[in-house]
Novice: 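Just passing along the structure, written as structure tokens.
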Amino acid sequence: MDKPKTYNSQEAEKKWQEYWEKEKLYKFIQPKQTKDIFSIDTPPPTLSGAMHIGHAFSYSQGDFIARYHRMLGKAVLYPFGTDDNGLPTERLVEKLKHVKGVKMDREAFVQLCSKTVAELTPSFVQPWKDMGISCDFNQSYSTIDKHSRYVSQYSFLDLYRKGRIYAEESPVAWCTTCRTAIAQAEFDNIDQSSTFNDIVFKVGSKDVTLSTTRPELLPACVALMMHPSHKQYKDLKGKFAKVPLFNYEVPVLADEKVDPTKGTGIVMCCTFGDKTDIEWWRKYKLPLRVLFDDHGNLNDLAVKYQGLPLKEARKQIIADLQEQHLLTHQKPIQHAVNVHERCGTEVEFLKKRQWYIRVLDMKEDLIVAADKITWTPEFMKHRYVHWVENLAWDWCISRQRFYGVPIPVWSCKKCNNVILPEEKDLPLDPLETKPKKACSCGSKEFIPEQDVLDTWATSSMTPQIVLGWPNNKEFSSSYPMNLRLQASEIIRTWSFYTIVKSLLHHKTIPWHHIVLSGLIMDPQGQKMAKSKGNVIDPVVLLQKFSADAIRYWAAGAKVGEDISFQEKEIVNGQKTVTKLWNAAQFVASHLTDKPSKKQKLELMDQWLLTKLQQLIQNCTESFDQYSFWTVKAAVDNFFWNIFCDYYLEIVKDRLYNPDKRGKEARASAQFTLHAALLTLLKLFAPIMPYITEELYMQLFLKEEKNKSIHVSAWPTVDQKLLAEETLVLGDRFVQILSEVRQFKSQQKVSLKAEVILTLEKKDYALLEPVFADLRATCQARDIKQGSFSVTLCV
RNA sequence: GAGCCGGUGGUCUAGCGGUUAUGAUGCGUCCCUUACAAGGACGGGGUCGAAGGUUCAAAUCCUUCCCGGCUCACCA
């Protein structure tokens, strides 16, 4: 068979990807003993966006670990999911299909979403396959599929019965763009320029000025607040102030939470401007003045501003205040604002009935759980703990959207009782089905719940979804899972919620380890963002570079560390791929007549093999600690410097000139080249799956009898090949070689130029057994004893 | 404001108690040597953010400070 002269990564990567898929190489097969499973809980990327560079990076890192464990002989449970439920998907469908969910029939919209998701999924997933991610794509799940809906609704019922879920009408964070309640974890913090407006309130005949950034909330004002020790306004306490423009009276109250140094030291309490307003509203049992609707448009409380959106109302109210000389001063400020992470809209608060999972009382357990999980890198645990400690709200799990997992409840029209479905009827949509029995009050009329669950309420169940909870009998022996892989930026959501659910359902942690990957920064160290225009598209990269090269780059970063994107590092990967190919072709050309019997080994071969055993040991230990960047550096260094730069040069003479050097000397080199190349390919295989597969199949398929390098055995240290006594000799050999090269370089002669080499007595004695190799490699016509020197032959 | 991570040749980076401080890239010089010129050999270049301290010994541990980044809080 004709072998190709050069390696075409484009063709080869496509070929092997198809081969792996056809052979179902990454299919999970349940082993006899669950201890032979290595299970990985992988993040389902959201269908609403394409693969970004962070995905390519972190999934690659996870894949190194998965492939390593597969080569150790574990049954690797490594599913692939897509997150295609909830708001992000709705927005995508709305954009693609030019529709508005709000304006459509709910059922028709949900159907359109499902249809669109099905259309999009294959091409969405393709880049992951192209990157060589070795998930079992035939067993992928989606967070909206039937099984996920089942698990998610089952979870709801379970937690409801455990008394963990409650519905309550209370102030909740609200997005006026998405028209839904949101949770604390969905807040983004931005710094915004705004204006401090000094507005005059009348208390009796006295003027009281306060500063606010939100004058549009004047009609929602329910009190003025001051610090108890406020000097200037001491006498105001207990009096009433008249709200300007709207002319109604509100009490002046004193509270410690007011910062007397901020603004004028007086602040208005509105229902609701922020969290503190909610606190005061509760504490002082203040009236509720709901000012705007779900879209953020003002209602009749706003009188002449009715119907205006909040922002517009602000402008007009400021104008009117100005006109009536009630606005005494304006000052530009920068302040922090919570926005909805999905759309950037400022978070508002509305009193609404929502469903919650009670989590505030379990902070301690949540922190204890974190200690039972091994965090890599360890410092990431702090972020989780910090988040838990700062939790301020229970987890709001209801969303006023359409495409998602329905909340599986009805309420009785007559007595308002909550009616739950039976487990065997899940998943269901309460809008489409009815309870099978009458309510305990006798009524047969029910109001179906309209809301769907927060996406995280479902994706926090990925371990259970993947392991077939609750009906899989093996579940408890496979749970907790071995490993969770994810990006560090979703600790407060995905890690946190998954741990919450696990503790509540199973009273244990969801996985033993969690490995967090860092962020990709641009070459200047700035966070990548579309708005900055510094985003790197991995699909474009894949057209330019091989997946192996991109993975090589991803392997260079310590797990959990943010790294800046360096295209040069990918180029290095590309070079390494080419170098592997060339070195392998060279080795292969000398193996056609490799004796099958093991040979007596030359000293330099023993030296190489000993170093190789050390490398195996080092790589195995590193991989066991998820330290793939150490593996990459070690194998890379061995391959380039020891194997190619030195060893291949050392054995050329023996390989090319068996007549002069002897058949045995050649055979010894053949044995060593064979062993070293095979081992290096295997050590590189988790990081660069394509080139290693290509070369393995080309050169080692027959003898190894595996379907692929990726299901071949990870190398182990062969004690018989360890000859540590040769290390001093071999290391000195390459030092001398290096000095000879340096001499020739300084003399500006070809490396082929012949020299006379004079060695110190000690070196002479040490290296005498390998003089034949030394003479050939250095092109030394003669080796003498004396003070060290290299002389050019004329 | 709090917490966390980092600051190593021009650039990127390994090392995290004892190494002539790793490698890459760029730069300079040379070499078409039967795997590789999208290559190879060789070289100049850093004292490890700053200042103190611990130690026989510190880039590596401690303290303080400076700089960059991230997370959380602040949202009148």
Novice: Base contacts versus sugar-phosphate-only contacts with protein, heavy atoms under 4.0 Å: please encode nucleotides 37-43 of chain B as B, S and - from 5' to 3'.
Specialist: --SSBSS
Novice: Would you mind classifying the nucleic acid contact of A/Lys744 as base, sugar-phosphate or nothing, using non-hydrogen atoms under 4.0 angstrom?
Specialist: nothing
Novice: Can you confirm if the NZ or CZ of A/Lys652 lies within 45° of the ring axis of A/Phe586 and under 6.0 Å from the centre of its six-membered ring?
Specialist: yes
Novice: Check this for me, if you would: do A/Lys660 and A/Asp653 make a salt bridge, where the nitrogen-to-carboxylate-oxygen distance has to be below 4.0 angstrom?
Specialist: yes
Novice: Roughly, in whole Å, what's the span from CD in A/Gln334 to P in B/rC74?
Specialist: 17 Å
Novice: Do you see a donor-acceptor pair shorter than 3.5 Å between the side chains of A/Gln625 and A/Glu621?
Specialist: no
Novice: Atom CD of A/Glu186 to atom C1' of B/rC72: distance rounded to whole Å?
Specialist: 17 Å
Novice: Rounded to whole angstrom units, what separation is found between the NE2 atom of A/His386 and the C1' atom of B/rC70?
Specialist: 12 Å
Novice: Give the nucleotide from the list B/rC30, B/rU33, B/rG6 with an atom nearest to the side chain of A/Lys748.
Specialist: B/rC30
Novice: By nearest atom, which of the nucleotides B/rC4, B/rC16, B/rC74 is closest to the A/Lys558 side chain?
Specialist: B/rC16
Novice: On RNA chain B, compare the nucleotides closest to A/Glu569 and A/Ser589; which residue's is nearer the 5' end?
Specialist: A/Glu569
Novice: Over 60° means perpendicular and under 30° means parallel, so tell me whether A/Tyr384 and A/Phe496 are parallel, tilted or perpendicular.
Specialist: tilted
Novice: Nearest to the side chain of A/Ser750, heavy atoms from C-beta on, is which of B/rC12, B/rA24, B/rC31?
Specialist: B/rC31
Novice: May I ask you to check whether A/Tyr233 and A/His227 place their ring centers less than 6.0 Å from one another?
Specialist: no
Novice: Looking at the side chain of A/Arg383, which of B/rC5, B/rC70, B/rU33 is the nearest nucleotide?
Specialist: B/rC70
Novice: Please pick, from B/rC70, B/rA73, B/rU71, the nucleotide with the shortest atom-to-atom distance to any side-chain atom of A/Met521.
Specialist: B/rC70
Novice: Among residues at least two apart in sequence or on other chains, which ones pass ring pair (Phe, Tyr, Trp, His ring centres under 6.0 Å) with A/Phe733?
Specialist: none
Novice: Between B/rA37 and B/rC32, how many Å separate the two P atoms, rounded to a whole number?
Specialist: 14 Å
Novice: Compute both the distance and the angle, then confirm whether A/Lys275 meets the cation-pi test with A/Phe349: under 6.0 Å from the six-membered ring centre, within 45 degrees of the axis.
Specialist: no
Novice: Can you identify which nucleotide, out of B/rC74, B/rA24, B/rC4, has its nearest atom closest to the A/Asn572 side chain?
Specialist: B/rA24
Novice: Counting only Watson-Crick pairs (N1-N3 plus N6-O4 or O6-N4) and G-U wobbles (N1-O2, O6-N3), all under 3.5 Å, who is the partner of B/rC48?
Specialist: none
